[in-house]
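Report on the following structure.
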Amino acid sequence: SKSQRKREMTALQKLGEQLVDASAERVGRIGIPDDLQNAISECRRIKNHEGRRRQLQYVGKLMRSLDEEDIARINEAVESWKGQSRADTVFMHALENQREKLLSQETALTEFMQRYPHADVQQLRTLIRNARKEISGGKPPKAYREIYRLLRQIMTEPSPAKTVLHDTESEENHEP
């Protein structure tokens, strides 16, 4: 019906809008046709509200000319971006919670070191002490932010102990 076609057109236009809002690198990895890629790039450059609205309609028109496989591939890519950003947000919140726990509980550093033995305990202790001084003295949160950066680095890199153990096991398996 006409209403159904209009809903489909609106959905494709919204999908096109999500492509415009995404980074050029992400959109480039999808493998969309050049004319659609150019229209998306042009839409990013347009700042005028009405001009941008018209360009988004043009992007929607180009989206309607794509076949079902291309639309499904684009839709799948956009959905995976949403999942990626949700996972990043959850990880960021976990880092923030860990930082607060380290600053508020005395035993938290010991627990953290049990989970991440490859972490530099002295550097963490110094940062925690400095962050507590910053908070109590009303100073800018330099060490507070540095704790976050260090936690992100520690929690994303693989443990060297596991890597060494893994390498030793693989050497034993390959000996004649």
Side-chain angles (χ1 to χ4, degrees), residues 13-32 37-56 59 73-171:
Q13 191 164 341
K14 286 182 181 181
L15 183 61
E17 191 172 347
Q18 290 174 333
L19 290 174
V20 169
D21 293 339
S23 70
E25 178 188 333
R26 279 185 166 179
V27 173
R29 281 187 263 152
I30 297 175
I32 58 176
Q37 181 79 35
N38 293 338
I40 290 170
S41 297
E42 183 65 28
C43 191
R44 286 188 184 117
R45 285 191 289 271
I46 297 173
K47 301 298 179 203
N48 182 318
H49 177 71
E50 184 62 22
R52 184 176 168 85
R53 184 190 66 79
R54 285 194 311 263
Q55 187 67 19
L56 281 172
V59 168
R73 186 168 32 87
I74 292 170
N75 221 345
E76 188 176 303
V78 170
E79 289 301 315
S80 72
W81 298 340
K82 290 177 184 174
Q84 177 84 28
S85 65
R86 282 189 206 115
D88 291 344
T89 303
V90 168
F91 182 64
M92 180 187 72
H93 287 303
L95 288 173
E96 290 171 349
N97 290 338
Q98 183 64 51
R99 175 177 58 188
E100 293 304 319
K101 188 175 177 183
L102 286 170
L103 290 173
S104 64
Q105 299 175 7
E106 295 298 323
T107 60
L109 183 60
T110 307
E111 294 170 9
F112 183 79
M113 292 308 298
Q114 288 173 352
R115 279 188 281 156
Y116 300 98
H118 64 282
D120 184 1
V121 68
Q122 191 60 43
Q123 185 181 14
L124 267 171
R125 272 196 191 111
T126 304
L127 287 173
I128 291 169
R129 184 178 54 245
N130 291 345
R132 287 177 180 158
K133 285 180 185 177
E134 290 170 357
I135 292 169
S136 65
K139 295 180 181 177
K142 182 179 177 186
Y144 185 79
R145 290 182 182 137
E146 191 59 36
I147 290 172
Y148 180 86
R149 287 187 201 106
L150 185 61
L151 289 176
R152 184 176 65 210
Q153 179 185 356
I154 292 169
M155 292 170 79
T156 55
E157 67 186 23
S159 173
K162 292 178 184 174
T163 308
V164 170
L165 179 65
H166 222 359
D167 291 342
T168 310
E169 288 174 356
S170 62
E171 289 175 8

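Here the side chain of Arg44 pairs a donor or acceptor atom with the backbone of Ala22 at under 3.5 angstrom. In this structure a side-chain-to-backbone donor-acceptor pair under 3.5 Å is present from Glu134 to Ala143.
By the side chain to side chain donor-acceptor pair (under 3.5 Å) test, Gln98 pairs with Arg115, sequence neighbours left out. Applying the side chain to side chain donor-acceptor pair (under 3.5 Å) rule to Lys142 yields no partners; only residues at least two apart in sequence or on another chain are considered. Residues forming a side chain to side chain donor-acceptor pair (under 3.5 Å) with Asp21 (at least two apart in sequence, or on another chain): Arg52. Residues meeting the side chain to side chain donor-acceptor pair (under 3.5 Å) test with Gln122, sequence neighbours left out: none.
Using a 4.5 Å heavy-atom cutoff, the side chains of Asn38 and Glu42 are not in contact. Side chains of Glu79 and Glu76 form no contact here, defined as non-hydrogen atoms less than 4.5 Å apart. Looking at heavy atoms from C-beta onward, Lys101 lies out of side-chain contact with Asn97 at the 4.5 angstrom threshold. No side-chain heavy atom of Gln13 sits less than 4.5 Å from a side-chain heavy atom of Val59.
The minimum heavy-atom distance between Ile30 and Arg73, with the atom names listed, is O-NH1, 2.6 Å. The shortest non-hydrogen separation linking Val27 to Leu19 is CG2-O, 3.3 Å.
Atom CD of Glu146 sits about 10.5 Å away from atom CG of Leu124, to the nearest 0.5 Å. In this structure, CG on Asp120 lies 10.0 Å from CZ on Arg125, to the nearest 0.5 angstrom. Note that CG of Asn130 is 9.0 Å distant from NZ of Lys139, once rounded to the nearest 0.5 Å. Going from atom CD of Gln123 over to atom CG of Leu150 covers 4.5 Å, rounded to the nearest 0.5 Å.
Screening residues 86-112 for ring-ring contact (aromatic ring centres under 6.0 Å, His included), with sequence neighbours left out, gives Phe112-Tyr116.
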Under 3.5 Å donor-acceptor pairs involving side-chain atoms of residues 102-110, not counting sequence neighbours:
unit_1: Ser104; atom_1: OG; unit_2: Glu100; atom_2: O; d: 2.9

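Checked for salt-bridge contact, Lys14 and Glu17 miss the test: no charged N lies under 4.0 Å from a carboxylate O. Between Glu50 and Arg53 there is a salt bridge, since a side-chain N of the basic residue sits under 4.0 Å from a carboxylate O of the acidic one.
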